Undergrad: 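Here you go, one structure.
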Amino acid sequence: IMPSMQMELAFKNGGYISDIARVSGNRYIQEGDVAAKGTVLARLRKDDFASKISQAEALVAEAQSTTEANKAQLSEAEAAFRQAERDLNRATNLLENRSLTKPEFEGARTKHELAQARVEAVRAQSKVIEAKISGAQAILSEARLAQQDAALRAPFDCYVLKKMIE
């Protein structure tokens, strides 16, 4: 007699088995035993996954904490840029009225360009921070998924045909 459906089950990730399903009489499940759909047949040690999740959460928190510092830097850079812009406008008017020398005007223009470059640099830095946050969140999602996959469940009501645990 052949079964209508046969399926090999395995963990997606390696690790140490911490628990194996028990059946009546408190013995471990063996070949020929019946397992109901959703029964946890075996479980990997949780400590391995918990530490990976903690590390990933720390990465996310670290990346997110730099966001606040970056926002402050951006506000400061934008304020400096606005001031440099006002100074350049004043210098332009004074130069047109011949009340300012050309080197002084060039100094004001250079400060304006530097302030603009600083704003652009901080904005670029914020994009890098956003990418780090996304990467850290992806690592966290992956760690959580691995933790969920640490339980090997019976996909349907079944008989255990073979048990291979090393």
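This structure is a prediction, so every number in the text was calculated from the model and none was measured.
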Undergrad: I'd like to check Val40 versus Leu152 (side-chain heavy atoms, cut-off strictly below 4.5 Å). Are they in contact?
TA: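 No; the side chains remain at least 4.5 Å from each other.
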
Undergrad: Testing the basics here: between Val160 and Ile29, what is the closest heavy-atom pair and its distance to 0.1 Å?
TA: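 Looks like CG2-CD1, 3.7 Å.
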
Undergrad: Are Val23 and Ile20 co-members of a hydrophobic cluster defined by side-chain heavy atoms under 4.5 Å apart?
TA: yes

Undergrad: Quick one: side-chain hydrogen bond (donor to acceptor under 3.5 Å, both in side chains) pairs with a partner in residues 85-102, sequence neighbours left out?
TA: Gln83-Arg86, Gln83-Asp87, Asp87-Arg90, Thr101-Glu104

Undergrad: Using every non-hydrogen atom in the two residues, find where Ala143 and Ile53 come nearest and quote the distance to one decimal.
TA: CB-CG1, 3.7 Å

Undergrad: What pairs with Arg153 under side chain to side chain donor-acceptor pair (under 3.5 Å), at least two apart in sequence or on another chain?
TA: none

Undergrad: Around atom CD of Glu76, are there more than 12 heavy atoms from other residues, nucleotides or ligands closer than 6.0 Å?
TA: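 At most 12 heavy atoms, drawn from other residues, nucleotides or ligands, come within 6.0 Å of this atom.
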
Undergrad: Do Arg123 and Glu78 sit within salt-bridge range, that is, some charged N less than 4.0 Å from a carboxylate O?
TA: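 Result for this pair is yes, salt bridge flagged.
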
Undergrad: Inspect the surroundings of NZ in Lys163 and state if more than 12 heavy atoms from other residues, nucleotides or ligands are less than 6.0 Å away.
TA: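 Yes, enclosed.
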
Undergrad: Measuring only between side-chain heavy atoms, which start at C-beta, is Pro155 closer than 4.5 Å to Met7?
TA: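 A side-chain contact under 4.5 Å exists here.
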
Undergrad: Keeping the roles fixed (side chain from Lys37, backbone from Ala154), state whether a donor-acceptor pair exists under 3.5 Å.
TA: no

Undergrad: Between Leu9 and Tyr28, is there shared hydrophobic-cluster membership here, with clusters defined by ILVMFWY side-chain heavy atoms closer than 4.5 Å?
TA: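 As far as the 4.5 Å side-chain criterion goes, Tyr28 and Leu9 are connected within one cluster.
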
Undergrad: By the side-chain hydrogen bond (donor to acceptor under 3.5 Å, both in side chains) test, which pairs, at least two apart or in different chains, include something from residues 133-147?
TA: Glu57-Arg144

Undergrad: Linking Ile, Leu, Val, Met, Phe, Trp and Tyr by side-chain heavy atoms under 4.5 Å, what else ends up with Val128?
TA: none

Undergrad: Nearest 0.5 Å, what's the CG-CD1 distance between Leu59 and Ile139?
TA: 5.5 Å

Undergrad: Looking at every non-hydrogen atom in both residues, tell me the closest pair between Arg118 and Ala77 and how far apart they are.
TA: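 Closest approach of Arg118 to Ala77: CG-CB, 3.7 Å.
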
Undergrad: Who are the ring pair (Phe, Tyr, Trp, His ring centres under 6.0 Å) partners of Phe49, not counting sequence neighbours?
TA: none

Undergrad: How far apart are the closest heavy atoms of Ala108 and Ala91, and which atoms are they?
TA: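 Between these two residues, the closest heavy atoms are CB-CB, 3.7 Å.
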
Undergrad: Donor-acceptor pair, distance only, cut-off 3.5 Å: does the side chain of Thr39 make one with the backbone of Ala35?
TA: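 Flag not set: sc Thr39 to bb Ala35 has no pair under 3.5 Å.
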
Undergrad: Strictly by salt bridge (charged side-chain N to carboxylate O under 4.0 Å, His left out), give each pair with a member in residues 5-31 just once, sequence neighbours left out.
TA: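 Sorted pair list: Lys12-Asp149, Arg27-Asp33.
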
Undergrad: With ILVMFWY side chains joined below 4.5 Å, transitively, what does Leu88's cluster contain besides itself?
TA: Leu94, Leu95, Leu100, Phe105

Undergrad: Could you name each residue pair satisfying ring pair (Phe, Tyr, Trp, His ring centres under 6.0 Å) that touches residues 115-156, not counting sequence neighbours?
TA: none

Undergrad: Ile133: which other cluster members, linking ILVMFWY side chains closer than 4.5 Å, directly or transitively?
TA: Ile129

Undergrad: Enumerate the residue pairs fulfilling salt bridge (charged side-chain N to carboxylate O under 4.0 Å, His left out) with a member in residues 62-71, sequence neighbours excluded, ordered by first and then second residue.
TA: Glu68-Lys71

Undergrad: Given 3.5 Å as the limit, does a donor-acceptor pair link the side chain of Ser18 with the main chain of Arg43, or not?
TA: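 Yes: the side chain of Ser18 pairs with the backbone of Arg43.
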
Undergrad: Among residues two or more places apart or on two chains, list those pairs meeting salt bridge (charged side-chain N to carboxylate O under 4.0 Å, His left out) that have a residue in residues 126-136.
TA: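 Sorted pair list comes back empty.
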
Undergrad: Can you list every pair that meets ring pair (Phe, Tyr, Trp, His ring centres under 6.0 Å) and has a residue in residues 70-97, with sequence neighbours left out?
TA: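 Ring pair (Phe, Tyr, Trp, His ring centres under 6.0 Å) check on residues 70-97 returns Phe81-His112.
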
